[in-house]
Amino acid sequence: SVAAELPQGPNDITKRKLILTGDGQDYDNTLYLAPNLEQQVNILYLGNDKPEDSKQMLYYVERAFPKTNTLIFNIYSHPVDTELTEKNIKDAQFIIIADTLKSEQIKLLKQNIESGQTVLLVMKSSDIASDIAELAGLSRLNCEEAKVNDYTMFGSIDFEHPVLKLFSDPRFGNFSKIHFWKYRKLDIEDVPQARVLAQYDNEDPILIEFPSGKGSLLVLTSGWQPSD
C-alpha cells in the first residue's frame, strides 16, 4: 500500500472526489467525499460593551465561540440605546441580554420567548430585576446586591437539564476553579415556576430558568467580566 498526503480540495459537493488512474480496472477508482457542512449561528448580544474592552463581557463572548469546521458563530453586538427590530431578533439563534432594556425592546423579546426562543439575561447589577419580571410575566421581583466575604463558588448544578447536560461529562464539568467576587441575590421564593439550575456554595441561585409560553428566560445572577 502507499500513503499519500493530499492538499485540501474544494468544498463543492460536485467536486469532492478523488480519482485514481493508471490501472487496468477503473470500476473502483473514484472515491466520493462528503463536503464539510457549515452551519451559521447568529448570536445577538444586547449591551453597550465595547468589543475591545477586556473589562466587559462582550470581549469574552467573542472569544468563547471560535469558528470550527462545521460551525461559524457570528456575534452581533447591539447597543440597547438603539432601535431593536423584530428582524434583529428573528435572525438570531441565541440572544444574550447584558444591559437594562427599553420597554419596546422588552415587549419584542417577551413575544419571542413565548414563541419558543431561549434567551440568556446576565445580571451586571440589581437594576435589571424589573426587566426580568416583565420578560417572565411577573408583577415584580425583589433583588439586592449579595454580600460576599472574599469570594463564593459553584455549589450544586442540575446536569440533567438540557442546557447543562453537556457538562455532565467529567471532562467538561469541573467548575471548582471558578470564583465569584460579586453577584445579585434574586428572591424567587414566591415564583413556583422558576427552576434553579445552579447554586452558589451558600445555596443562592446562580442560574435560574423562568419558563414563558413555549420558551424560557435564563437568568445568570453574576457576569463573566473580571469584576464579578
Side-chain angles (χ1 to χ4, degrees), residues 43 45-49 54-61 64 80 94-101 106 109-110 113-114 117-213 215-228:
I43 299 175
Y45 185 92
L46 298 175
N48 295 325
D49 299 359
S54 62
K55 295 180 180 180
Q56 299 295 331
M57 293 193 299
L58 178 58
Y59 178 87
Y60 300 96
V61 170
V80 295
F94 187 56
I95 299 174
I96 300 172
I97 302 171
D99 277 302
T100 304
L101 303 169
I106 292 175
L109 287 163
K110 187 174 186 296
I113 293 171
E114 292 173 346
Q117 175 70 285
T118 297
V119 173
L120 174 65
L121 185 147
V122 186
M123 300 186 71
K124 291 196 292 188
S125 77
S126 58
D127 295 338
I128 203 169
S130 58
D131 287 7
I132 297 171
E134 288 190 62
L135 288 167
L138 306 172
S139 57
R140 61 172 296 174
L141 275 174
N142 293 322
C143 181
E144 63 181 5
E145 191 72 22
K147 296 178 181 178
V148 180
N149 294 323
D150 198 6
Y151 65 84
T152 186
M153 302 173 68
F154 274 97
S156 62
I157 300 174
D158 182 4
F159 290 118
E160 294 302 313
H161 190 277
V163 170
L164 299 171
K165 199 169 185 62
L166 170 66
F167 299 104
S168 62
D169 188 320
R171 294 175 298 170
F172 311 121
N174 183 1
F175 298 98
S176 61
K177 294 184 179 181
I178 299 177
H179 294 177
F180 297 92
W181 319 110
K182 300 176 183 178
Y183 72 90
R184 283 83 247 168
K185 188 172 182 178
L186 199 58
D187 184 3
I188 56 170
E189 186 176 350
D190 297 326
V191 189
Q193 67 270 34
R195 178 177 176 181
V196 177
L197 305 185
Q199 294 178 314
Y200 298 101
D201 54 12
N202 63 2
E203 298 187 352
D204 282 344
I206 297 178
L207 182 62
I208 310 166
E209 179 184 40
F210 294 89
S212 181
S216 61
L217 174 69
L218 298 175
V219 174
L220 191 64
T221 58
S222 182
W224 50 78
Q225 73 275 22
S227 60
D228 273 8

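Every value quoted in this text rests on a predicted model; they were computed, and no experiment measured them.
Counting only heavy atoms from C-beta outward, the side chains of Glu145 and Lys185 never approach each other to under 4.5 Å. Side-chain contact between Leu120 and Ile95 is absent, with no heavy atoms from C-beta onward closer than 4.5 Å. Counting heavy atoms from C-beta on, the side chains of Arg195 and Ser216 never come closer than 4.5 Å. Side chains of Val191 and Ile208 form no contact here, defined as non-hydrogen atoms less than 4.5 Å apart. Side-chain atoms of Phe167 and Ile157, non-hydrogen and from C-beta on, never get closer than 4.5 Å to each other. Asp158 is not listed as a side-chain neighbour of Val196, based on a closest heavy-atom distance of 4.5 Å or more. The shortest distance between side-chain heavy atoms of Tyr59 and Pro226 does not fall below 4.5 Å. Proximity of Met57 to Gln225: side-chain heavy atoms (C-beta onward) are separated by under 4.5 Å at one or more points.
Using a cutoff of 4.0 Å between basic side-chain nitrogens and carboxylate oxygens, Arg184 and Asp228 are scored as salt-bridged.
In this view, Gln199 and Ser156 satisfy the side-chain hydrogen bond (donor to acceptor under 3.5 Å, both in side chains) rule, not counting sequence neighbours. Legend: residues meeting side chain to side chain contact (heavy atoms under 4.5 Å, CB included) with Asn202, ordered by chain and number and at least two apart, are Tyr183, Tyr200, Asp204. Remark: His179 engages Tyr151, Met153, Trp181 in a side chain to side chain contact (heavy atoms under 4.5 Å, CB included) (not counting sequence neighbours). Scanning for salt bridge (charged side-chain N to carboxylate O under 4.0 Å, His left out) contacts around Lys124 gives Asp49, Asp99, with sequence neighbours left out. With sequence neighbours excluded, no residue forms a side-chain hydrogen bond (donor to acceptor under 3.5 Å, both in side chains) with Asp127. With sequence neighbours excluded, no residue satisfies side-chain hydrogen bond (donor to acceptor under 3.5 Å, both in side chains) with Asn149.
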Before you tell me yes or no, could you show the steps for Phe210 and Ile188 under side chain to side chain contact (heavy atoms under 4.5 Å, CB included), namely the whole-Å CA-CA distance, both residues' side-chain angles and the distance that decides it to 0.1 Å? CA-CA 10 Å; Phe210 294 89; Ile188 56 170; 3.8 Å; yes
Step by step, work out the side chain to side chain contact (heavy atoms under 4.5 Å, CB included) result for Leu217 and Val219. CA-CA 6 Å; Leu217 174 69; Val219 174; 4.0 Å; yes
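Taking CD1 from Ile128 and CD from Glu134, the interatomic distance works out to 11.0 Å, rounded to the nearest 0.5 Å. With rounding to the nearest 0.5 Å, the separation of CD in Glu114 from CG in Leu135 is 9.5 Å. Taken from CD1 in Ile132 to CG in Leu186, the straight-line distance is 5.0 Å, to the nearest 0.5 Å. The CD1 atom of Ile96 sits 10.0 Å away from the CG atom of Leu220 when rounded to the nearest 0.5 Å. Between Asp187 atom CG and Asn142 atom CG the span is 5.5 Å, to the nearest 0.5 Å. Note that the CG atom of Leu121 and the CG atom of Leu101 stand 7.0 Å from one another [nearest 0.5 Å].
A perpendicular orientation is assigned to the rings of Phe180 and Phe154, their planes being inclined by more than 60° (bins at 30° and 60°).
In this model, no donor atom of one side chain and acceptor atom of the other lie less than 3.5 Å apart for Thr100 and Asp131.
A donor-acceptor pair under 3.5 Å is formed between the side chain of Ser222 and the backbone N or O of Lys182.
Summarising the geometry of Val61 relative to Trp224, their closest heavy-atom pair is CG2-CZ2, 3.4 Å, with the distance given to 0.1 Å.
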